[in-house]
Amino acid sequence: MTERRSVGYSVHREVLDEGAVEEMAEKSEVKVTLSVKVKESLRCSGPRMKSLILGFLPILSWLPRYPVRDNAVGDLVSGISVGIMQLPQGMAYALLAAVPPVYGLYSSFYPVLVYFLFGTSKHISVGTYAVMSVMIGGVTERLAPDADFLSWDNVSNTSVVDLLSRDAERVRVAAAVTFMSGLFQILLGLVHFGFVVTYLSEPLVRGYTTAAAIHVVVSQLKYTFGISPARFSGPFSLIYTVLEVCYLLPQTNVGALVVSIVAIVGLILVKELNNYLGKKLPVPIPVELIAIVVATLISWQVNLEDKYGVDVVGLIPSGLQPPVLPTASLFGQVIGDAFALSVVGYGIAISLGRIFALKYGYKVDANQELIALGLSNSVGGIFQCFAISCSMSRTMVQESTGGKTQVAGALSAVVILFITLWIGTLFEDLPKAVLAAIIYVNLQGMMKQFKDIPALWRTSRVDMCVWVATFILTVLFNPDLGLAASIAFSLLTVIFRTQLPSYSLLGRVGDTDLYRPVEEYNQVKQVPGVVIFRSSATLYFANAEMYQDALAEKTGLDITSILSAKKKLEAKRKRQEKKEAKRARKDAKKDRELLENQKEIAVIKMREDLRDPSLPRAVILDLSPVNFLDTVGVKTIRNIRRDYGDIGIDVLLTGCQTGVVESLQSGGFFSGQVTKACLFSTNHDAVLHCLSDGKLT
């Protein structure tokens, strides 16, 4: 191991306070007003107009320069591979959304084409996604439950569900909530609210998607066992559903269960083979496509629906649906769900997009991604699609098979268009249990996220708490309410960490100008007569009182008691002065008593002037971690300076950022007696100021 060469340096300068630094650096007082900023943002010019157009339609900037020789083959192979995956996944995720499977194909076509025009990520595969689909399913089943479509069957003398009317209403609900979520995303993108995804931390997203996977699994159990459980909504609905499924297990359709088991085992085996031969195969084996083709053929030949009562996909209309404006009367009922969908869909897409952008060295525009996803969803809502995001499994296939640009996504949409127009009807005999099996197997990656818990326990237990709390809240309260509760819990952890920061006293490292916590280093010594105090968090209303208490504890000074004793001495002195004035008007015979009183007053004054030599001469507040001060924070610092100053201890501030200095100035901290001479850039400047000022003699 090579030794690091020691490089020394020597700087000779005067001790500078904040005022001197501003004078030397010639601080600019020019501030750009809001009106000027608005005018600048509205200024129109040729280059600016071109930049806006290219930013809004990124395809105009990259498609004319598309390198056909380098990218065409990879994008073609990737597009066909992803399109083949889209077919079974789109149909399967339509079941999660509680709409007919063909609408999963529509959702794999229209939104993908729109994203091709407006998206900035070259590698993500947008389309149907399990988490989004199960959230849509919660809305459609809540607003269009089976109970609303019951009719009396005179033949069987029982109530039956009018499936056509129910499915039509659920499609309208799904289109309305999708359209609304798209509008939210467009609005957030236009006002540059792309940063909203920062509130979705990685532990929160992974815990949320894992819990959503549990909801997905439970929602598909009815197809696996061939049963018809009652539909529950609201908090704890998942628990009620599991109990209902357990109650109905004796009624299991053996045919559906056998189909599910065979499909799951087959899918897992071929996927493991794909992983094992991943580097040797030019493209992965399209196991889902093979599964639905084989299952459809077997179902058609054996007649699983009639002989064994296995539920199948049913009618799949050929062709595309005409555009229909969403039902406006539903908007008020789905506005909360739409906002949750917009945030979740964007959070998943931008997280995955940034991963590949970092890997391949390009930039993803967060605000443009919001607009692209918003247009995809709003246009998709008009064409009766349900909300989309990006899929990790399809994205990995798109990248591994050579996809380099958004052209791969457009080609996958062409594949779906071909299937929808000409061969979609061939899958009418496909058992729904096979689609449920495809969903189960595709959730393997999400289920593996349980491994995050021990990893987070070792690295950050707060993040582990966020993961676990998000998982539990989402499982108990469903994906919509669970997301809101999870974000609230995550923000609370941030607030608690600012409310409970670590406080430390700093000391000097040898003869250097470096200062470190004395509790953490053995060779760090406090400067005699000086207390340097630092908090690890910013100072604001939530922790202002704790800041004062910690300062008193670290300095060992009970300011309240000291000031109380001083006030008592002051009051006693004033009482003695009043007695002196009264006695001065009396007979000269009391001169001796008056003399004694004067001596007592002198003793009190002497006691007041005598100062405890154990008290520090100066307290330095290191505010370098403080990035903002509210009015309570400013008041706290002002009170500290006043109280400690009353007992003869000077208070200096160091490391103040520009915003902090401005907050102090606007909060009335500076006055005729308090100037910027008490502010210093570094702790060492403040210590040297105390030395040169004679405070540490």
Side-chain angles (χ1 to χ4, degrees), residues 83 86-118 126-129 132-133 135-137 139-141 143-144 149 162-183 185-186 292 312-331 334 337-338 341 345 373-389 409-430 432 435:
Q86 288 266 32
L87 168 62
Q89 288 190 4
M91 297 175 71
Y93 293 157
L95 295 184
L96 293 178
V99 296
V102 69
Y103 290 93
L105 300 182
Y106 300 153
S107 301
S108 302
F109 172 65
Y110 292 108
V112 176
L113 284 182
V114 175
Y115 185 84
F116 166 70
L117 299 174
F118 296 96
V126 297
T128 56
Y129 182 57
M132 304 287 288
S133 299
M135 293 176 71
I136 289 283
V139 182
T140 55
E141 291 185 350
L143 297 182
F149 301 93
D162 184 352
L163 297 180
L164 291 178
S165 300
R166 184 202 65 182
D167 289 345
E169 181 62 23
R170 287 183 175 180
V171 168
R172 283 193 288 270
V173 173
V177 70
T178 298
F179 183 78
M180 281 290 291
S181 69
L183 292 183
Q185 289 173 328
I186 294 172
I292 66 171
V312 297
V313 168
L315 178 66
I316 298 180
S318 60
L320 300 174
Q321 294 290 323
V324 178
L325 286 176
T327 307
S329 60
L330 293 171
F331 290 166
V334 300
D337 304 284
L341 280 166
L373 289 171
L375 288 171
S376 298
N377 280 321
S378 56
V379 172
I382 294 174
F383 286 94
Q384 301 176 49
C385 304
F386 54 86
I388 56 94
S389 185
L411 291 174
S412 72
V414 173
V415 173
I416 293 297
L417 176 63
F418 174 79
I419 294 170
T420 305
L421 292 178
W422 288 290
I423 64 175
T425 55
L426 299 179
F427 296 104
E428 291 181 351
D429 289 319
L430 174 64
K432 290 184 178 180
L435 295 178

Q.
Return the CG to CD1 distance between Leu426 and Ile292, rounded to the nearest 0.5 Å.
A. 10.5 Å
Q) Between atom OG of Ser376 and atom CD1 of Ile186, what is the distance when rounded to the nearest 0.5 Å? A) 9.0 Å
**Q.** side chain to side chain contact (heavy atoms under 4.5 Å, CB included) partners for Leu320, two or more places apart
**A.** Tyr106, Phe109, Tyr110, Leu417, Thr420, Leu421
Q. Checking Thr178 side chain against Gly381 main chain: does a donor-acceptor pair fall under 3.5 Å?
A. no
(Q) Under a 4.0 Å threshold between the charged nitrogen and the carboxylate oxygen, would Glu169 count as salt-bridged to Arg166? (A) no
Q | side chain to side chain donor-acceptor pair (under 3.5 Å) partners of Ser108, counting only residues at least two apart | A | Gln86
Q | Contact summary for Gly409 and Val112, nearest pair of heavy atoms | A | O-CG1, 3.1 Å
**Q.** CD on Gln321 to CG on Leu105, rounded to 0.5 Å
**A.** 11.5 Å
(Q) Quick check: closest heavy atoms across Arg170 and Val99, and the distance to 0.1 Å? (A) O-CG1, 4.0 Å
Q.
Give me the atom names and distance for the closest heavy-atom approach of Gln384 to Ala175.
A. CA-CB, 4.1 Å
Q. With sequence neighbours left out, what residues match Ala410 under side chain to side chain contact (heavy atoms under 4.5 Å, CB included)?
A. Phe116
Q.
Less than 4.5 Å apart, side chain to side chain, heavy atoms only: is that true for Ile388 and Tyr115?
A. no
Q. Which atom names give the shortest non-hydrogen contact between Gly345 and Ser389, and what distance separates them?
A. O-OG, 2.8 Å
Q: Using the test side chain to side chain contact (heavy atoms under 4.5 Å, CB included), find all partners of Ala338 that sit at least two apart in sequence or belong to another chain.
A: Val177, Met180, Ser181, Phe184
Q. Is there side-chain contact between Leu375 and Leu117, with at least one heavy-atom pair below 4.5 Å?
A. no
(Q) I need the minimum non-hydrogen distance between Pro100 and Ala94, along with the two atoms involved. (A) O-CB, 3.6 Å
Q | Where Ala97 and Thr140 come nearest, the two heavy atoms and their spacing | A | O-OG1, 3.0 Å
Q) Ignoring hydrogens and geometry, is there a side-chain-to-backbone donor-acceptor pair from Ser107 to Phe386 under 3.5 Å? A) yes
Q. Can you find a pair of side-chain heavy atoms, one from Pro101 and one from Leu95, that are under 4.5 Å apart?
A. yes
Q: Measure the spacing between CG of Asn377 and CD1 of Ile382 and express it to the nearest 0.5 Å.
A: 11.5 Å
(Q) Quick check against the 3.5 Å criterion: does Asp337 have a side-chain atom that pairs as donor or acceptor with the backbone of Ile136? (A) no
Q.
Just to verify, what does Glu428 make a side chain to side chain contact (heavy atoms under 4.5 Å, CB included) with, not counting sequence neighbours?
A. Leu315, Ile316, Thr425
Q: Could you tell me the separation between the OG atom of Ser318 and the CD1 atom of Ile419, rounded to the nearest 0.5 Å?
A: 14.0 Å
Q | Partners meeting ring-ring contact (aromatic ring centres under 6.0 Å, His included) with Phe149 (sequence neighbours left out) | A | none
Q.
Distance check, rounded to the nearest 0.5 Å: Leu96 atom CG versus Met132 atom CE?
A. 12.5 Å
Q. Can you check whether Val102 reaches Pro317 side chain to side chain, under 4.5 Å on heavy atoms?
A. yes
